[in-house]
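Computed from a predicted model, the values in this text were never measured in an experiment.
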Amino acid sequence: MSLESLGWGPDLGHAFSLLLSQSSLPLVPGRVVRQERGLLTVQTSERAWLARPSGRLLHHATDAEALPTIGDWVALLLPSGEGEALLHSLLPRRGVLMRRGAGGEHEGQLIAANLDVVFLVTGLDGNYNPRRIERALTVAWNSGAEPVVVLSKADLHEDVSARVLEVQSLSPGVPVLALSAQQGTGLEALRERLPAGKTGALLGSSGVGKSTLVNRLLEEARLATQPVLPDDKGRHTTTHRELFVLPHGGLLIDGPGMRELGLWGEEDGLDQAFADILTLAADCRFSDCTHQREPGCAVRTAVDTGALTRERLKSFEKLQREQAYHARQVSSAGKREHKRIERNLTREVRQHLRAKRRGD
Ligand code: GDP
Ligand code: ZN
């Protein structure tokens with residue numbers, strides 16, 4: 001797979017040459033094409049590698065935004081034999097899409113990097129809400145991507161062109177498409193907005209038809225990873241994100257974990273970002289604290305003092321249970337590897353946060 005087909009271009013080539021000239025390491029460029037929480041897969045021009053961020057990269061990361069995410073272009077240090085690659089550094093991003101965190105603007109959670117186009121999907125059925133579209137447009141602009149409004153379920157509305165005009169007047173200059181994923185109409189216009197080598201993502205509330213649309217687009221699509229990694233069939237997680245190469249050459253980042261994002265207003269799960277709890281947990285006495293009954297648990301202390309609501313902890317625990325469930329689903333070979341890498345990563349992130357707190 002050529003890097004160009006994954007969106008590589010002259011700017012990245014330039015940035016990478018500069019990096020090489022400043023480093024004595026045999027670095028190799030690649031793109032993060034799969035992310036399952038901290039577990040990253042990077043595609044180079046040769047093959048896919050499991051990769052984890054170097055200690056140096058973690059150390060210099062001042063916030064979540066500085067950590068690698070799906071869509072990032074990175075410089076890898078390859079292992080001499082098999083094994084995981086070290087993610088040495090990030091190449092400059094064109095932009096990132098963040099989920100707004102509970103702690104406000106600066107506590108966001110990274111969703112994807114280097115998006116060229118963000119498709120804001122809203123249904124032409126009961127879901128339609130112009131103010132929501134306006135809010136989502138702001139988020140899209142902030143991500144550095146070009147927003148495109150997609151009015152889905154066009155087959156359910158009598159006057160589609162009136163709605164298209166209405167949305168166009170809300171957002172001058174923003175392309176507005178109407179389509180029916182179910183009937184397969186209007187898809188060509190969407191493909192045209194995502195030319196070969198450009199990276200897009202579909203965002204929108206639950207039920208607007210994103211999965212149906214993705215399935216349409218993915219017909220015959222290839223995964224951007226070549227099958228070097230352990231077989232992971234049947235791995236249906238709620239958290240992973242993946243970069244797909246569509247048959248026409250456009251690239252789509254998708255995954256059940258990234259579609260809703262709380263981009264559409266408070267009602268859609270802003271409470272799903274748990275940066276605050278993870279930060280608290282860095283102060284728990286035991287590094288494997290489950291925040292149930294352990295002594296010295298900073299999370300329970302925060303609940304007791306009212307700094308953290310019980311409800312919020314509950315939703316966090318729910319997510320943890322879902323993740324534990326998914327971990328059991330993972331095939332055993334992949335699972336051992338996954339666990340090991342996750343453990344290392346979690347440890348490094350914790351150490352990093354602790355060190356930050358001590359002020360070194
Ligand atoms: P998601 O939650 O955004 O991924 O939405 P889904 O793709 O799961 O679709 C939600 C529901 O809308 C399902 O029952 C779909 O069959 C239906 N749906 C999706 N696309 C269309 C469409 O273009 N027209 C109609 N009438 N229904 C659709
Ligand atoms: Zn704890």
Side-chain angles (χ1 to χ4, degrees), residues 3-12 15 29-36 40-43 64-74 90-101 105 108-122 133 135-150 152 171 173-177 189-205 208 210-211 213-214 217-218 221 223-225 239-246 248-264 273:
L3 292 182
E4 282 73 19
S5 66
L6 291 174
W8 183 261
D11 287 355
L12 285 161
R31 191 165 196 194
V32 179
V33 294
R34 185 180 163 96
Q35 177 174 20
E36 198 169 339
L40 304 170
T41 304
V42 176
Q43 177 71 49
E65 202 172 333
L67 295 172
T69 189
I70 181 110
D72 261 321
W73 286 97
V74 301
L90 297 182
L91 298 183
R93 287 168 174 158
R94 279 193 313 279
V96 287
L97 182 67
M98 307 277 296
R99 164 160 39 207
R100 213 166 73 202
E105 291 301 310
Q109 187 185 343
L110 267 181
I111 302 304
N114 296 319
L115 291 173
D116 298 292
V117 190
V118 169
F119 295 100
L120 303 170
V121 188
T122 191
I133 297 175
R135 277 201 298 269
L137 277 170
T138 313
V139 175
W141 287 124
N142 288 342
S143 75
E146 181 209 350
V148 172
V149 175
V150 175
S152 65
S171 48
V174 174
V176 180
L177 314 174
L190 189 147
R191 290 192 191 97
E192 275 168 25
R193 291 283 163 192
L194 192 65
K198 296 290 180 192
T199 308
L202 299 177
L203 304 178
S205 314
V208 296
K210 296 179 301 296
S211 311
L213 182 54
V214 168
L217 293 170
L218 289 188
L223 292 183
T225 46
T239 53
H240 81 278
R241 285 164 237 156
E242 186 127 15
L243 189 139
F244 298 93
V245 183
L246 302 181
H248 75 286
L251 307 167
L252 188 70
I253 293 180
D254 190 54
M258 69 168 291
R259 290 177 190 160
E260 282 151 46
L261 310 175
L263 293 183
W264 301 79

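Closest approach of P147 to L120, counting heavy atoms only: CB-CD1, 4.2 Å. What you find for L3 and Q43 is that their closest heavy atoms are CD2-O, 4.3 Å. Taking every heavy atom of both residues into account, L40 and P68 meet most closely at CD1-CG, 3.7 Å. A pairwise comparison of heavy atoms in L251 and L194 identifies O-CD2, 3.5 Å as the closest pair. The two residues V118 and A145 make their nearest non-hydrogen contact at CG2-CB, 3.6 Å. Between A15 and P92, the shortest heavy-atom distance links the atoms CB-CD, 3.6 Å.
For R193, there are no side-chain hydrogen bond (donor to acceptor under 3.5 Å, both in side chains) partners two or more places apart in sequence or in a different chain.
To the nearest 0.5 angstrom, L203 atom CG is 9.0 Å from D254 atom CG. In this structure, CG in D72 is found 7.5 Å from CG in L110, a value given to the nearest 0.5 Å. Here the CZ-CD1 distance, from R34 to I253, works out to 13.5 Å after rounding to the nearest 0.5 Å. Note: S211 OG to L218 CG = 10.5 Å, rounded to the nearest 0.5 Å. The distance from the CG atom of L252 to the CG atom of L190 is 8.5 Å, given to the nearest 0.5 Å. Interatomic distance, CG of L243 versus CD of Q35, reported as 12.0 Å (0.5 Å rounding).
A donor-acceptor contact shorter than 3.5 Å is absent between the side chain of R241 and the backbone of I70. With K198 contributing its side chain and V117 its backbone, the two residues share no donor-acceptor pair below 3.5 Å. Between the side chain of R31 and the main chain of W73, no donor-acceptor pair closer than 3.5 Å is present.
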* Could you please spell out the steps behind the side chain to side chain contact (heavy atoms under 4.5 Å, CB included) verdict for E36 and T41? => CA-CA 9 Å; E36 198 169 339; T41 304; over 6 Å; no

* Between D11 and R94, does a side chain to side chain contact (heavy atoms under 4.5 Å, CB included) hold up when you go through it step by step? -> CA-CA 10 Å; D11 287 355; R94 279 193 313 279; over 6 Å; no

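For the 3.5 Å distance criterion, the side chains of T69 and R93 fail to qualify, holding no donor opposite an acceptor.
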